[in-house]
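These notes are about the structure you will find just below.
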Amino acid sequence: LWISYQGRKFSAEPYSFQKNKVVSEPFIFNVSYFLQGIYLNLHPTLYAVFIFSNGKRQRFDEGGVIMPFPPGVTTLHYIDRTVRQGDQIKVTENTKDAAKVTLAVIVTYRVSDPIKVFEIQQPVETLLSRVQADLKEYIRTHQYEDLISNGNFQVIDSELVAKYIKQQH
């Protein structure tokens with residue numbers, strides 16, 4: 001009860017992430033051997049991932065009293081759970097029938113598994129570079145006429161492109 005009483009004194013604040021970053025800087029703290037619990041004030045736009053001294057990671061989607069909590073040094077990272085938009089990606093590639101096609105897309109994304117973010121160095125940059133590679137592959141593996149969604153020869157069917165990219169991962 002004391003942990004809850006003390007924890008509720010503070011409001012859950014949003015975290016301001018840097019561009020192309022979805023993981024906060026680490027917050028390092030000690031968990032008491034006596035209380036072995038914490039109160040997590042977690043803003044609804046965030047996940048929390050604790051990394052314990054033994055290397056184990058644990059995800060939290062909501063705040064509140066967390067007990068039992070291993071005593072000792074613990075690291076907390078906030079992970080952005082909002083939908084984010086990347087910069088425009090522009091790709092020029094030749095189709096199967098040698099037509100030159102330029103495709104410009106804007107990728108929207110969000111973190112669905114905050115634990116996996118720690119398994120990828122530079123997760124946002126990695127995502128965007130893979131999408132760029134997938135777009136090039138999509139253009140190379142299709143005929144020009146197959147890419148066009150209507151007869152004006154300028155518009156590529158975005159649903160087909162999105163479906164292709166999702167199938168690759």
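Nothing here was measured: the structure is a model prediction, and the numbers come from that model. For the single chain, residues carry numbers from 1 onward in sequence order.
Using a 4.5 Å heavy-atom threshold, the side chains of T108 and Q85 count as touching. Inter-residue side-chain proximity for P123 and V22 is flagged as met; some heavy-atom pair is nearer than 4.5 Å. With contacts defined as side-chain heavy-atom distances shorter than 4.5 Å, the pair T102/V91 does not qualify. Y138 is listed as a side-chain neighbour of L147, based on a closest heavy-atom distance under 4.5 Å. With contacts defined as side-chain heavy-atom distances shorter than 4.5 Å, the pair V107/L128 qualifies. Side chains of F118 and I79 form a contact here, defined as non-hydrogen atoms less than 4.5 Å apart. Under the 4.5 Å side-chain criterion, counting only non-hydrogen atoms from C-beta, T92 is in contact with K100. Inter-residue side-chain proximity for D80 and R110 is flagged as unmet; no heavy-atom pair is nearer than 4.5 Å.
Going from atom NE2 of H43 over to atom OG1 of T82 covers 10.5 Å, rounded to the nearest 0.5 Å. From Q143, atom CD reaches atom NZ of K96 across 6.0 Å, with rounding to the nearest 0.5 Å. Distance check: E137 CD to H142 NE2 gives 9.5 Å after rounding to the nearest 0.5 Å. Between atom CD of residue E13 and atom OH of residue Y78 there is a gap of 9.5 Å, rounded to the nearest 0.5 Å. How far OG1 of T75 is from CD of E25: 12.0 Å, rounded to the nearest 0.5 Å.
Of the possible polar contacts, one joining the R81 side chain to the L46 backbone as a donor-acceptor pair under 3.5 Å is found. With hydrogens and angles ignored, the 3.5 Å screen pairs no side-chain donor or acceptor of N20 with any backbone N or O of V124.
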Run the numbers on I139 and N94 for side-chain contact (heavy atoms from CB on, under 4.5 Å), then give the verdict. CA-CA 7 Å; I139 294 169; N94 290 328; over 6 Å; no
Chi angles and distances behind the side-chain contact (heavy atoms from CB on, under 4.5 Å) call for V49, I115: CA-CA 7 Å; V49 173; I115 298 291; 3.9 Å; yes
Let's go through F17 and R84 carefully: what are the C-alpha distance in whole Å and the side-chain angles of both, what is the deciding distance for side-chain contact (heavy atoms from CB on, under 4.5 Å) to 0.1 Å, and is it a yes or a no? CA-CA 11 Å; F17 292 91; R84 300 185 72 179; 4.3 Å; yes
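Two rings, from F27 and F29, have their centers 6.0 Å or more apart. For F60 and F50, the gap between ring centers is short of 6.0 Å. Proximity of the aromatic rings of H77 and Y47 is defined here by a centroid distance below 6.0 angstrom, and this criterion is not met.
V73 and I51 end up in different hydrophobic clusters when Ile, Leu, Val, Met, Phe, Trp and Tyr side chains are linked at under 4.5 Å. Hydrophobic clustering (ILVMFWY, side-chain heavy atoms < 4.5 Å, transitive): I120 and I165 are in distinct clusters.
Between R59 and S112, the shortest heavy-atom contact is NH1-O, 3.8 Å. When every heavy atom of A48 is checked against every heavy atom of L76, the shortest pair comes out as CB-CD1, 3.8 Å.
K116 and E119 are not joined by a salt bridge, as no carboxylate oxygen comes within less than 4.0 angstrom of a charged side-chain nitrogen. One finds no salt bridge joining D134 and R130 here, because no Lys/Arg side-chain nitrogen approaches an Asp/Glu carboxylate oxygen to under 4.0 Å. Salt bridge annotation for D87-K19: present, with a cationic side-chain nitrogen under 4.0 angstrom from a carboxylate oxygen.
Atom CD of Q121 has 12 or fewer neighbouring heavy atoms from other residues, nucleotides or ligands inside a 6.0 Å radius. Atom CD of Q88 is surrounded by more than 12 heavy atoms from other residues, nucleotides or ligands within 6.0 Å.
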